[in-house]
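If you read the sequence from its start, that first residue is 1, and numbering goes on from there. Counting convention: from 1, in listed order, for ligands and their atoms alike.
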Amino acid sequence: MTIDTSLTELDFTPGELVVSPIVADLLFREAHTVSTFHDTDVPDEQIRAAYDLLRWGPTAMNTQPLRLLLVRSPQARANLAVHMSEGNRARVLGAPLTIVAAADTNFHENLDTLVPHLPHARDMFAGDAAGRETMARTSALIQVGYLIVSLRAAGLHAGPMGGMDAAAIDAEFFAENGWKSLLVINVGTPAGPASIRPRAPRLEFAQASSSV
Ligand SMILES: Cc1cc2nc3c(=O)[nH]c(=O)nc-3n(C[C@H](O)[C@H](O)[C@H](O)COP(=O)(O)O)c2cc1C
């Protein structure tokens with residue numbers, strides 16, 4: 001399959017989106033951060049569908065350092081909740097599924113496969129643990145953004161939380177693999193209208209950009 005990236009085959013009007021308003025609403029405009037969730041189970045298949053979408057988003061050199069820990073069992077949930085800031089604890093305990101999104105600082109072990117166009121990429125990173133960590137955190141955090149949007153594309157809602165003791169979470173869950181936790185994300189369907197806050201304003205383009 002070839003893809004025409006010139007947009008000539010799309011009905012493209014400058015200043016307008018090329019995706020349907022329904023898609024734009026679902027992914028961004030009507031999508032909200034959710035704090036409390038219905039107790040309906042979130043099957044692995046739905047998370048897999050979200051992952052199968054997010055993995056196509058770009059990462060530095062195609063390193064793909066994002067790793068996901070799916071926290072489901074009551075014991076694991078309790079072990080995670082104690083490392084969340086106070087206001088986030090009940091949210092973790094009450095969600096049907098919580099994902100710990102993490103960066104794999106040993107991403108270089110996959111580079112022979114992931115970066116075939118740079119045969120020495122793996123060796124290049126092998127002796128540079130500090131450089132790997134910086135790169136892993138940057139690209140994995142970008143992938144977290146793709147994850148949140150992909151969860152929405154899979155019909156789910158997300159409640160991302162950065163209020164946590166990341167070092168304690170790493171010690172609790174990632175002592176063996178060395179992953180670095182970045183964000184904890186509750187996932188499911190909203191418990192009700194009170195599960196979302198009224199929309200807070202967003203910056204206008206002119207406030208968030210400049211041209212040179
Ligand atoms: C990186 C990040 C960290 C966040 N940390 C927390 C948190 O610790 N606790 C919390 O209740 N919400 C947290 N949030 C949720 C934000 O406050 C929320 O996404 C934002 O206000 C937008 O809300 P809206 O999607 O309903 O418009 C976080 C969101 C992001 C993306």
Side-chain angles (χ1 to χ4, degrees), residues 17 19 21-39 42 46-47 50-51 53-54 57-60 65-71 76-105 133-174 179-205 207-208:
L17 300 175
V19 296
I22 294 169
V23 172
D25 285 348
L26 179 85
L27 301 183
F28 289 100
R29 292 189 300 224
E30 295 297 325
H32 264 274
T33 296
V34 170
S35 56
T36 51
F37 293 84
H38 204 269
D39 60 8
V42 179
Q46 245 176 318
I47 304 303
Y51 181 79
L53 190 58
L54 87 84
T59 54
L66 178 67
R67 303 291 179 264
L68 306 177
L69 177 69
L70 307 190
V71 180
R77 182 173 301 290
N79 293 347
L80 175 61
V82 294
H83 304 307
M84 300 304 295
S85 62
E86 210 176 317
N88 290 335
R89 272 181 208 143
R91 293 178 181 170
V92 166
L93 292 171
L97 170 68
T98 302
I99 298 176
V100 181
D104 184 1
T105 58
E133 178 156 351
T134 302
M135 201 157 168
R137 285 182 181 277
T138 301
S139 277
L141 208 45
I142 288 169
Q143 287 185 289
V144 169
Y146 308 149
L147 171 63
I148 292 169
V149 177
S150 297
L151 289 168
R152 293 169 172 177
L156 293 165
H157 297 255
M161 293 170 299
M164 63 190 194
D165 182 341
I169 292 174
D170 295 350
E172 178 87 44
F173 294 101
F174 304 139
W179 296 358
K180 306 291 181 194
S181 54
L182 300 172
L183 202 65
V184 170
I185 307 170
N186 291 324
V187 180
T189 53
S195 302
I196 59 171
R197 275 198 299 253
R199 181 73 91 196
R202 299 301 205 252
L203 294 177
E204 299 296 335
F205 178 67
Q207 296 172 290

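Atoms of ligand 1 found under 4.0 Å from any heavy atom of Arg91 (numbered from 1 in listed order, with element): 10 (C), 11 (O). When each atom of ligand 1 is checked for a heavy atom of Arg202 under 4.0 Å away, the hits are 22 (C), 24 (P), 25 (O), 27 (O). Residue Leu183 has at least one heavy-atom neighbour below 4.0 Å for each of these atoms of ligand 1: 1 (C), 2 (C), 3 (C). Shown in contact with Asn88 at under 4.0 Å from a heavy atom are these atoms of ligand 1, numbered in order with element: 7 (C), 8 (O), 9 (N), 10 (C), 11 (O). If you number the atoms of ligand 1 from 1 as listed, the ones under 4.0 Å from a heavy atom of Arg197 come out as 17 (O), 21 (O).
In this structure, atom 23 (O) of ligand 1 lies nearest to the protein heavy atom Thr33 OG1, 3.4 Å. Protein heavy atom at the shortest distance from atom 24 (P) of ligand 1 is Arg199 NH1, 3.3 Å. Counting protein heavy atoms only, atom 26 (O) of ligand 1 is closest to His32 ND1, 2.8 Å.
Inclusion of Pro160 in the set of residues having an N or O under 3.5 Å from an N or O of ligand 1 is warranted. Taking distance alone, with nitrogen or oxygen atoms compared against 3.5 Å, Gly163 approaches ligand 1 more closely than that limit.
In this comparison of Gly145, Ala158, Gly162, Pro198, the heavy atom closest to atom 5 (N) of ligand 1 sits on Gly162.
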#### Entry: Full working for side chain to side chain contact (heavy atoms under 4.5 Å, CB included) between Leu66 and Leu54
CA-CA 10 Å; Leu66 178 67; Leu54 87 84; 4.0 Å; yes
### Query
Do Asn88 and Met164 pass the side chain to side chain contact (heavy atoms under 4.5 Å, CB included) test, and can you show the C-alpha distance, the side-chain angles, and the key distance before you say yes or no?
CA-CA 8 Å; Asn88 290 335; Met164 63 190 194; 6.0 Å; no
### Task
Decide side chain to side chain contact (heavy atoms under 4.5 Å, CB included) for Val187 and Phe37; before the verdict, give the C-alpha distance in whole Å, the side-chain angles of both, and the deciding distance to 0.1 Å.
CA-CA 8 Å; Val187 180; Phe37 293 84; 5.6 Å; no
### Task
Let me see the working for Trp179 and Val100 under side chain to side chain contact (heavy atoms under 4.5 Å, CB included), right down to the final yes or no.
CA-CA 10 Å; Trp179 296 358; Val100 181; over 6 Å; no
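Residues Ile185 and Leu151 approach most closely at CG2-CD1, 4.4 Å, considering heavy atoms.
Distances from ligand 1 to the non-hydrogen atoms of Met84 include no value under 4.0 Å.
Atoms NE2 and CZ, from His32 and Arg152 in turn, are 9.0 Å apart once rounded to the nearest 0.5 Å.
Within a 6.0 Å radius of CZ in Arg199, other residues, nucleotides and ligands contribute more than 12 heavy atoms. No more than 12 heavy atoms of other residues, nucleotides or ligands shown are found within 6.0 angstrom of CD on Glu204.
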